[in-house]
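Quick one: the structure is below, questions incoming.
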Amino acid sequence: MQSSTHVRVRFAPSPTGSLHVGGGRTVLFNYLFAYGQARREGGDGTLILRIEDTDQTRLVEGAAQQIEDVLTWFGLTWDEGPDKGGPHGPYVQSQRLDKYQTAAQYLIDQGKAYRCFCSRERLQEVREAQQAKGLPPGYDRHCRNLSQADIDARLSEGAPFTVRFSMPRSGETTVTDMIRGDMTFQNEHLEDLVLLKSDGYPTYHLGNVVDDHDMEITHIMRGDEWIATAPIHVNLYKAFGWDVPKIAHMPLILAPGGGKLSKRHGSTAMEEFRIQGYLPEALMNYLALLGWSLDGTTEIFSKQDLLAHFTLERVSPSPATFDYAKLLWFNQHYINHILTVDDLVARVAPFLIEAGLIDKTWLETESDRLALLTEATRLLKDRMRTLAEAPELMGYFLQDELPDYEAALLIPKKTEPAQVKTALDAVAGWLPGADLDNLEQTEADLRGLAESLGLKAGQLFMPIRVAATGRTESPGLFETLRAIGKDRLTRRLDTARQTFG
RNA sequence: GCCCCCAUAGUCUAGCGGCCCAGGACGUCACCCUUUCAAGGUGAAGAUCACCGGUUCGAAUCCGGUUGGGGGUACCA
């Protein structure tokens with residue numbers, strides 16, 4: 001990066017729904033660039049959150065708030081925005097309409113924009129006609145050279161109009177992209193885009209350029225889908241006489257089969273990953289590696305690690321396919337190896353409460369229930385892939401009664417029902433005098449019992465496991481029995497024995 | 001159709017002219033550990049570096065073309 005000491009970047013979502021992972025990755029890179037790279041290199045870095053709610057027809061109630069909430073969950077912070085204000089507010093475009101109107105009027109006065117009175121129907125017809133002729137569809141600049149008399153006449157009759165940008169008709173425009181280099185476009189291919197809609201709201205193009213200038217944005221980091229309009233934006237800056245910020249387009253995130261990542265392939269919204277039990281740090285780690293890498297070898301990055309190492313120069317220009325399996329691996333890795341047990345307990349609790357397995361009182365310090373929850377979490381830590389799996393995994397530790405299970409599970413392969421019955425009876429005889437807190441003793445006792453019954457250890461352990469948990473998989477048997485406790489174990493054993501009539 | 005972007009194993013990537021007949025990770029498979037399931041350990045398969053031409057003593061790395069994939073082509077962002 002150049003020696004600029006002043007970096008101001010922004011994330012500008014439109015509140016038309018929940019935040020997509022592509023957007024999540026874009027904010028992340030903005031955040032890492034401002035707070036990581038810029039500050040490391042001796043400058044200051046500022047991240048601005050701006051809500052671009054200029055499409056009144058697609059607005060979703062509460063979406064802006066939800067985006068802020070999910071960003072907070074994700075672990076990101078920003079310096080200026082709707083919630084915290086700042087020197088360049090307001091940070092919601094619908095509250096800055098006068099600025100866009102003033103800007104549009106300025107361009108009209110300069111002869112760099114014009115009012116367009118064309119109806120949507122006419123626009124549609126023009127587009128269809130051009131497509132039919134095999135020409136590139138686009139506005140035919142019909143209103144670009146209207147006489148002043150025509151314009152006045154239309155205005156006096158109160159005709160609705162949009163304001164369009166007068167793109168230069170010849171020459172070329174070069175966009176310098178920080179991760180792709182120069183991209184040159186022939187001006188004749190660029191459209192006279194609508195800047196101001198007939199409802200007085202700006203389009204993305206005007207709103208974005210005006211605000212980025214007004215908010216003194218130094219670096220624009222946005223999705224790859226904006227490349228096509230970037231040359232028009234550059235021309236807009238020139239028309240206003242403003243400096244063009246540095247621009248970087250983030251590589252696209254593609255769906256597994258190709259194309260856009262959509263619901264059809266699985267979750268696409270940040271919020272959904274939260275609900276499905278993904279950890280924000282795992283999602284962040286995964287998303288950071290989608291288009292960026294440090295050395296091709298290091299895989300695990302905490303937010304601090306990312307802040308310490310991220311550089312825009314190492315962002316790849318090529319699109320990346322979203323791999324759910326790898327995300328799941330990261331999540332599992334964080335649960336299994338990075339989180340502490342206490343931390344996991346705190347993360348898993350909301351999911352258990354939601355499932356009705358525990359309630360808030362379980363979390364009171366020094367309660368026996370918290371001890372049980374903690375022990376259950378410790379035992380299942382290595383077997384949990386997402387937080388959402390916790391209720392399913394931990395039920396038999398947390399509940400008094402076991403849900404019904406298939407009696408056939410009690411009978412291991414190559415073992416007769418009669419043998420199992422005898423074995424469980426023997427275990428029931430042993431249990432009252434057993435010391436479950438002594439794991440070594442429990443193991444010695446049960447191995448001895450198996451031997452005396454003429455069974456292999458596994459042939460005895462599996463029926464006990466199923467009787468105790470209702471499942472064929474569990475953490476180590478002796479620790480599992482200890483956590484369940486003698487009382488519940490006795491009852492569960494009785495239930496199992498009764499299935500043999 | 002037109003404009004633009006991209007191109008290393010199924011996927012994410014390292015590589016920025018010789019160290020690479022290509023390294024790491026996910027996934028897959030095998031083995032070890034083992035009371036089950038995981039986790040962990042070890043190992044294997046998997047890429048003629050999309051293709052074709054150049055440049056060079058030498059190319060995955062530079063250039064051109066082709067093909068393929070993707071994006072844009074709205075009074076959506």
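Quick note on labels: first sequence line is chain A, next is B, and so on, each numbered from 1.
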pair_partner(B:C2), Watson-Crick or wobble, both distances < 3.5 Å, evaluates to B:G72

Looking at A:R471, I'd like to know whether one of its side-chain N or O atoms comes within less than 4.0 Å of OP1 or OP2 on B:U36. no

Any strand, both distances under 3.5 Å, Watson-Crick or G-U wobble: B:U36 pairs with none

Euclidean distance for C1', B:A7 against B:U66 (whole angstrom): 13 Å

In whole angstroms, the gap separating P of B:G70 from CG of A:D224 amounts to 13 Å

The answer to which of A:F478 and A:P160 contacts RNA chain B further toward the 5' end, by nearest nucleotide, is A:F478

In whole angstroms, the gap separating C1' of B:C4 from CD1 of A:I232 amounts to 12 Å

Picking from B:C3, B:A77, B:C5, the nucleotide nearest the side-chain atoms of A:R180 would be B:C5

### Electrostatic pair A:D177:A:R180 at N-O distance under 4.0 angstrom
yes

Taking a pair to mean Watson-Crick or G-U wobble geometry with both distances below 3.5 Å, B:C29 pairs with B:G43

**Asked** Quantified in whole Å, what is the P atom distance between nucleotide B:G18 and nucleotide B:G10?
**Response** 26 Å

Query - Sugar-phosphate, base or nothing in reach of A:S14, heavy atoms under 4.0 Å - result: sugar-phosphate

Within the structure shown, what part of the strands sits under 4.0 Å from A:S474 by heavy-atom distance: base, sugar-phosphate, or nothing?
base

* A:E375/A:R378 salt bridge by N-O under 4.0 Å criterion -> yes

**Asked** B:U67 and B:C76: how far apart are their C1' atoms, nearest whole angstrom?
**Response** 33 Å

* Asked: Would one find a side-chain N or O of A:S293 under 4.0 angstrom from OP1 or OP2 of B:A14?
  -> yes

To the nearest angstrom, the CD-P distance between A:E392 and B:C37 comes to 17 Å

Exercise. How are the rings of A:H309 and A:F301 set to each other: parallel, tilted or perpendicular (split at 30° and 60°)?
Worked result: perpendicular

note: A:I464, atom CD1; B:U36, atom P; distance rounded to Å ~ 14 Å

What is the nucleic acid contact for A:S198, judged by heavy atoms within less than 4.0 Å: base, sugar-phosphate only, or nothing?
base

Taking B:C75, B:U13, B:A39 as options, the one with an atom nearest any side-chain atom of A:H337 is B:A39

Item to complete: Report yes or no: does A:N30 contribute a side-chain atom to a donor-acceptor pair with the main-chain N or O of A:T26 at less than 3.5 Å?
Response: yes

Quick one: label A:E299 by what it contacts on the DNA or RNA (base, sugar-phosphate, nothing), any heavy atom closer than 4.0 Å. base

Practice problem: Assert yes or no for the condition that the ring centre distance of A:Y201 to A:Y100 is strictly below 6.0 Å. | Solution: no

Look at all strands and tell whether A:T321 reaches a base, only sugar-phosphate, or nothing, counting heavy atoms closer than 4.0 Å.
sugar-phosphate

For B:G18, the nucleotide meeting Watson-Crick or G-U wobble distances (both under 3.5 Å) is B:C57

Which of B:G70, B:G72, B:C6 is nearest the side chain of A:L252? It is B:G70

Problem set entry | Step-by-step ring-ring contact (aromatic ring centres under 6.0 Å, His included) determination, A:F322 to A:Y286 | CA-CA 10 Å; A:F322 196 89; A:Y286 175 67; 5.2 Å; yes

Among B:G24, B:U35, B:G70, the one nearest any side-chain atom of A:K326 is B:G24

Q) For B:A25, does either OP1 or OP2 sit under 4.0 Å from a side-chain N or O belonging to A:H333? A) no

**Pair A:Y91 + A:W78: ring centers closer than 6.0 Å** = no

ask   = Do side-chain atoms of A:Y334 reach the backbone of A:Y278 as a donor and acceptor pair under 3.5 angstrom?
value = no

- What distance, rounded to whole Å, do you find between the two C1' atoms, one in B:C6 and one in B:G23? 23 Å

What class does the angle between the rings of A:H205 and A:H233 fall in, given that below 30° is parallel, 30 to 60° is tilted and above 60° is perpendicular?
-> tilted

Taken to the nearest whole Å, CG/A:L287 to P/B:U11 is 19 Å

If you measure from the P atom in B:U55 to the same atom in B:A45, how many Å do you get, rounded? 37 Å

| message | Treating A:D53 as the side-chain partner and A:S94 as the backbone partner, does any N or O pair qualify as donor plus acceptor under 3.5 Å? | response | yes

Base, sugar-phosphate, or nothing for A:R164, non-hydrogen atoms under 4.0 angstrom?
sugar-phosphate

**Prompt:** If we take the C1' atom in both B:U34 and B:G41, what is their distance in whole Å?
**Reply:** 13 Å

Between CG of A:L289 and C1' of B:C12 the distance, given in whole Å, is 7 Å

Mind checking if A:P251 touches a base, just sugar-phosphate, or nothing, with heavy atoms under 4.0 Å?
nothing

Among B:C4, B:G72, B:U35, the one nearest any side-chain atom of A:I227 is B:C4

Review point. With a 4.0 Å cut-off on heavy atoms, is A:P137 in touch with a base, just the backbone sugar-phosphate, or nothing at all?
Key: base

Separation of B:A38 atom C1' from A:L393 atom CG, nearest Å, is 9 Å

inquiry  = Once you apply a heavy-atom cut-off of 4.0 Å, does A:T57 come out as touching a base, just sugar-phosphate, or nothing?
reply    = nothing

Quick check on B:U13: is either OP1 or OP2 less than 4.0 Å from any side-chain nitrogen or oxygen of A:T297? no

Quick note, A:R314 side chain, CB onward, closest among B:U35, B:C37, B:A14 is B:A14

Here the distance between atom P of B:C76 and atom NE2 of A:H205, to the nearest Å, is 9 Å

Taking only the C1' atom of each, what is the distance from B:G71 to B:U48 in whole angstrom? 31 Å

Whole-angstrom distance between B:C32 and B:C37, as gauged at atom P:
14 Å

Requested in this report: Please check the phosphate of B:A39 (OP1 and OP2 only) for any side-chain N or O of A:Q332 closer than 4.0 Å.
Outcome: yes

The residue, A:M183 or A:G259, whose nearest nucleotide of RNA chain B is more 5′ is A:M183

query: For B:U35, does either OP1 or OP2 sit under 4.0 Å from a side-chain N or O belonging to A:K413?
result: no

Is A:R127 near enough to B:C75 that one of its side-chain N or O atoms lies under 4.0 angstrom from OP1 or OP2? yes

Would you mind classifying the nucleic acid contact of A:G223 as base, sugar-phosphate or nothing, using non-hydrogen atoms under 4.0 angstrom? nothing

Among B:G24, B:G10, B:C6, the one nearest any side-chain atom of A:P319 is B:C6

Within residues 375-387 of chain A, the residues having a heavy atom closer than 4.0 Å to RNA chain B are A:D382, A:R383

Under 4.0 Å between a side-chain nitrogen and a carboxylate oxygen: does that hold for A:K99 and A:D211?
no

Which of B:G27, B:C12, B:A7 is nearest the side chain of A:W329? It is B:G27

Looking at A:F29, is A:R25 sitting on its ring face, NZ or CZ under 6.0 Å from the six-membered ring centre and within 45 degrees of the normal?
yes

